[in-house]
Amino acid sequence: MAALTRLSLVFSAAPPPSSQRHKCGCVALSISLPLARKLPDSSTFSSRRSSSFSVPSQFRNNKGFRRARVVSASTAGLPPSTVLVTGAGGRTGQIVYRKLKERSDQFVARGLVRTEESKEKIGAAEDVFVGDIKDAGSIVPAIQGIDALIILTSAVPKMKPGFDPSKGERPEFYFEDGAYPEQVDWIGQKNQIDAAKAAGVKQIVLVGSMGGTDPNNPLNSIGNGNILVWKRKAEQYLADSGIPYTIIRAGGLQDKEGGIRELLVGKDDELLQTETRTIARADVAEVCIQALQFEEAKFKAFDLSSKPEGTGTPTKDLKALFSQITTRF
């Protein structure tokens, strides 16, 4: 039997090669594909309190994109903020949830997952709630009493069986019933935003994907789901909600160590025209948490990727990064 390996999705003109299973999980797509040989799995994450950042591929031209370097806001004397991470069972969600738990002097962490199995996977703590984001009532207990919400839920397609890469075949994908992008990325995210607004939540960080400005982006054809269309609709709904928000449109997500690369921000998918179109999940997780600590991150929307390791200066000052962003949507 061919070995299973996970490939992170890198945006390109051609349809993406990969994606992964959905467990109320991460944003940006990745799948498990059987390959002739196993690729190395580099899912290592920084445990340092600074930040986390990563990416491969040759750096081409970053002219016009902002660079930044990561510094935490001082929280001395302030009570910890209660933060709910939805999609906490996904690969990016787990990192955010863990980082929040590690910073107990600053945050009281909560997680929301879709199944008891996902709850067990992340430790089965009492602060992890089980609920279905498509059922508005089921997520209310998790949202009551929180100060901030980090949304990391996303529909993720599954690969149809019978794919044989040795024959040069292209994989085909589908979404399970009840897990289509319209249901998860639009209705499910709308339910979260509505519940957060009713509960008086002070800030929402929403992680989406680059590519939403192009209706013909290959990701929209996967499983006939129009996933970026529905993500964009949820982002607009959040921006119109009146709740302070930060919308992070991440590039292709990678399971690599964070905090060791220079971050790049852009707008309107300009970064997709360069070769710096990917970012470590750990970096996205750190940006999510830092966005809760700086006023400069509120009412901002931006694309996020990073330079290859070994080029540029690792980002350390996220306040400077957020300050340079001017786009509200």
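Just so it is clear, the model here is predicted, and its values are computed rather than measured. Start at 1 with the first residue, then count along the sequence.
- If you run side-chain contact (heavy atoms from CB on, under 4.5 Å) between Glu262 and each of Thr276, Thr313, Thr311, only Thr313 comes through.
- Looking at residues two or more places apart in sequence or on another chain, you find a salt bridge (Lys or Arg N to Asp or Glu O under 4.0 Å) between Glu172 and Lys160.
- Between Pro181 and Trp186 there is no side-chain heavy-atom pair separated by less than 4.5 Å.
- Separating the CG atom in Asp185 from the CD atom in Gln183 is a distance of 10.5 Å, to the nearest 0.5 Å.
- A 4.5 Å side-chain heavy-atom check between Ile222 and Ile227 finds every atom pair outside the cut-off.
- Leu112 is not connected to Val140 by any chain of hydrophobic side-chain contacts under 4.5 Å among Ile, Leu, Val, Met, Phe, Trp and Tyr, and they are in different clusters.
- Across Leu264 and Leu271, no two heavy atoms sit closer than the pair O-CD1, 4.0 Å.
- Within the 4.5 Å cutoff, the side chain of Ser81 has no heavy atoms near those of the Gln293 side chain.
- What you find for Lys101 and Asp127 is that their closest heavy atoms are NZ-OD2, 2.6 Å.
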Go through it in stages, so that I can follow the logic: the residues are Lys267 and Thr326, the test is side chain to side chain donor-acceptor pair (under 3.5 Å), and I'd like the CA-CA distance, side-chain angles, deciding distance and then a yes or no. CA-CA 9 Å; Lys267 61 183 177 63; Thr326 58; over 6 Å; no
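- A salt bridge links Glu235 with Arg249; the closest basic N to acidic carboxylate O contact falls under 4.0 Å.
- Taking CG from Leu272 and OG1 from Thr274, the interatomic distance works out to 7.5 Å, rounded to the nearest 0.5 Å.
- Note on Ile151 and Val229: separate hydrophobic clusters, where clusters join Ile, Leu, Val, Met, Phe, Trp and Tyr whose side-chain heavy atoms are under 4.5 Å apart, directly or indirectly.
- Residues Val113 and Ile122 meet the side-chain proximity criterion, which asks for heavy atoms closer than 4.5 Å.
- Ile204 and Phe299 fall within a single hydrophobic cluster, where Ile, Leu, Val, Met, Phe, Trp and Tyr side chains are chained together by heavy-atom contacts under 4.5 Å.
- The distance from the CZ atom of Phe302 to the CG atom of Asp268 is 14.0 Å, given to the nearest 0.5 Å.
- By the 4.5 Å heavy-atom criterion applied to side chains, Leu318 and Leu263 are counted as neighbours.
- Between Ala125 and Tyr97, the closest heavy-atom pair is CB-OH, 3.8 Å.
- No side-chain donor-acceptor contact under 3.5 Å links Thr278 to the backbone of Gly252.
- Checked options Phe173, Tyr174, Phe175; the residue passing with Tyr180 is Phe175 (criterion: ring pair (Phe, Tyr, Trp, His ring centres under 6.0 Å)).
- Remark: the backbone N or O of Met210 is not paired with any side-chain donor or acceptor of Asp269 at under 3.5 angstrom.
- Counting heavy atoms from C-beta outward, Tyr245 and Ile193 have side chains that stay 4.5 Å or more apart.
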Quiz prompt | Glu257 and Glu309: CA distance, side-chain angles, deciding distance, side-chain contact (heavy atoms from CB on, under 4.5 Å) verdict | solution = CA-CA 10 Å; Glu257 181 183 358; Glu309 184 179 353; over 6 Å; no
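- Within the 3.5 Å criterion, the main-chain N or O of Ser241 finds a donor-acceptor partner in the side chain of Lys197.
- When all heavy atoms of Ala155 and Ala179 are compared, the pair lying nearest together is CB-O, 3.5 Å.
- Side-chain contact between Phe329 and Asp240 is absent, with no heavy-atom pair separated by less than 4.5 Å.
- Cluster membership check: Val108 does not share its hydrophobic cluster with Val201, using side-chain heavy-atom separations under 4.5 Å among Ile, Leu, Val, Met, Phe, Trp and Tyr.
- Summarising the local packing, CG of Asp177 is surrounded by 12 or fewer heavy atoms from other residues, nucleotides or ligands at distances under 6.0 Å.
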**OP:** Go through the steps for Asn191 and Ile133 under the test side-chain contact (heavy atoms from CB on, under 4.5 Å), then give the verdict.
**Re:** CA-CA 7 Å; Asn191 286 342; Ile133 60 172; 5.7 Å; no
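- To the nearest 0.5 Å, atom CG of residue Leu149 and atom OG1 of residue Thr82 are 12.5 Å apart.
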For Glu295 and Lys298: C-alpha separation, side-chain torsions, deciding distance, then whether salt bridge (Lys or Arg N to Asp or Glu O under 4.0 Å) applies.
CA-CA 6 Å; Glu295 287 296 316; Lys298 292 182 179 178; 3.0 Å; yes
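- Using a 4.0 Å cut-off between charged nitrogen and carboxylate oxygen, Lys119 and Glu116 do not count as a salt-bridge pair.
- Judged purely by atom type and a 3.5 angstrom limit, Gln189 has no side-chain atom pairing as donor or acceptor with the backbone of Lys231.
- Listed here is the closest heavy atom pair of Glu296 and Ser323: CG-OG, 3.3 Å.
- Looking at Arg110, Gln192, Gln144 one by one, the single match for side-chain contact (heavy atoms from CB on, under 4.5 Å) with Leu84 turns out to be Arg110.
- Inter-residue side-chain proximity for Arg103 and Asp105 is flagged as met; some heavy-atom pair is nearer than 4.5 Å.
- The residues Glu117 and Lys121 are annotated as not salt-bridged, no charged nitrogen and carboxylate oxygen being separated by less than 4.0 angstrom.
- Atom CG of Leu292 sits about 9.5 Å away from atom CG of Asp147, to the nearest 0.5 Å.
- With rounding to the nearest 0.5 angstrom, the CZ atom of Arg277 is 14.5 Å from the CD1 atom of Ile279.
- For the pair Gln203 (side chain) and Ala291 (backbone), a donor-acceptor distance under 3.5 Å is present.
- Note: Phe294 and Phe322 have tilted aromatic rings, judged against thresholds of 30 and 60 degrees for the angle between ring planes.
- Checked against Ile325 for a side-chain contact (heavy atoms from CB on, under 4.5 Å), the options Asp303, Thr246, Val265 give a single hit: Val265.
- Taking all atoms of both residues into account, the shortest heavy-atom contact from Pro80 to Ser104 is CG-O, 4.0 Å.
- Residues Tyr237 and Val184 are members of one and the same hydrophobic cluster, defined by side-chain heavy-atom contacts under 4.5 angstrom among Ile, Leu, Val, Met, Phe, Trp and Tyr.
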